[in-house]
Amino acid sequence: MARLSLLIDVTKCTGCHNCFLACRDEYFGNDYGSYSAPQPLEGQFWMKVVEVERGSYPKPKLDYVPTPCLHCEDAPCIAVAADGAVYRRPDGIVIIDPQKAKGQKAIVNSCPYRMVYWNAELELPQKCTLCAHHLDKGEKTTRCVEACPTGALVFGDLDDPTSEIAQLTAALDVEVYHPEYNTAPLVKYVGLPTRFIVGEVVLRDDQGECAEGVAITLLQGSEAVMETETDSYGDFEFDGLEKDKAYDVRVELDGYCPMIIEVGTKKDVDLGPIILEPFC
Ligand code: SF4
Ligand code: SF4
């Protein structure tokens, strides 16, 4: 058995959209028979680069989450389709049959990831096929992976322990996008955007200079969960934090009174300037 999939590293994605364009180039106007009908010029994003804004001015963040069909093992699109119009191949790829799916708009609405698009002209639901038509001819990867300049996309067989995707999946902290959908997607992620805490340290007796090298510790209870130092601008950052958690941020520099600040991650947090007072 094989389970073909993508591993998507959000931390490597620059939002260049090459993956989307390669997909468009492959599928726009091209009929691949039982794999896929021609993609229309507008309105379909089989590889959609979703922009996720976090935080706020003056320290916002922008992440890019490339999102194809996630080829779910428990796929609502298969469940809702009549006449076997959506099916999972033995290699794990979920395919919409362009002949059987005609007129079945319910397939569009069944996908919680909104990765199925309606082709009004053909009256057909359409989505990413993981380039199955190429793989079946012996090609080794997908068009989006070929086009990605940063290595943010890795294609392969999760069940082949020698494959790069299987080894990365075993080694990295791999995540499911929207696990609350409960669809068991084969496509997995690294570095999905979560909460962050940022701040800036200023020394009361030296406010004209940036406070570089100040020790910052993130605590949960008495346990230090992350440590960093302020950079040459006096700034620091903790990213990849869980939502809705309570933390303490400890700020320490020799010769100054240490500070502890309580922080909750219901939202991203900018602590703003933190002024350290010198010991008297
Ligand atoms: S992401 Fe959506 S279209 Fe793709 S398999 Fe899952 S439910 Fe179906
Ligand atoms: S090609 Fe790679 S870096 Fe560019 S948007 Fe797609 S995944 Fe991100």
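Remember, it's 1-based here, ligands and their atoms both numbered in the order they're listed.
- The structure places CD1 of I275 at 13.0 Å from SG of C257, a figure rounded to the nearest 0.5 Å.
- T129 and Y32 are not linked by any side-chain donor-acceptor pair at a separation below 3.5 angstrom, with hydrogens and angles left out of the test.
- If you count the protein N, O or S atoms nearer to atom 6 (Fe) of ligand 2 than 2.8 Å, you get 1.
- Using a 4.0 Å cut-off between a side-chain N of Lys or Arg and a carboxylate O of Asp or Glu, K61 and D268 do not qualify as a salt bridge.
- Using a non-hydrogen distance threshold of 4.0 Å, P149 registers as a contact of ligand 2.
- At most 12 heavy atoms of other shown residues, nucleotides or ligands fall within 6.0 angstrom of atom CG in D254.
- Follow the hydrophobic side-chain contacts under 4.5 Å out from L153 and you reach L130 in the same cluster.
- Between Y113 and Y181, the ring planes are perpendicular. Angles over 60° get that label, and only those under 30° would be called parallel.
- Looking at P149 and C16, their side chains come closer than 4.5 Å, going by heavy atoms from C-beta outward.
- Atoms CZ and CG, on F279 and L253 in that order, are 9.5 Å from each other to the nearest 0.5 Å.
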Next on the checklist: Apply side-chain contact (heavy atoms from CB on, under 4.5 Å) to residues Y247 and V225 and explain how you reach the verdict.
Outcome noted: CA-CA 9 Å; Y247 294 96; V225 290; 4.2 Å; yes
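- Close approach of ligand 1 to K127 is summarised as follows: ligand atoms under 4.0 Å from at least one heavy atom of the residue are 3 (S).
- With sequence neighbours left out, P193 forms a side-chain contact (heavy atoms from CB on, under 4.5 Å) with V10, V52, R54, D63, V65.
- Looking only at heavy atoms of the protein, atom 3 (S) of ligand 1 is closest to V116 CG2, 3.4 Å.
- Listed by chain and number, C72 SG are the protein N/O/S atoms closer than 2.8 Å to atom 6 (Fe) of ligand 1, with waters left out.
- For residues 141-154, the salt bridge (Lys or Arg N to Asp or Glu O under 4.0 Å) pairs, not counting sequence neighbours, are E26-R143, E139-R143, R143-E146.
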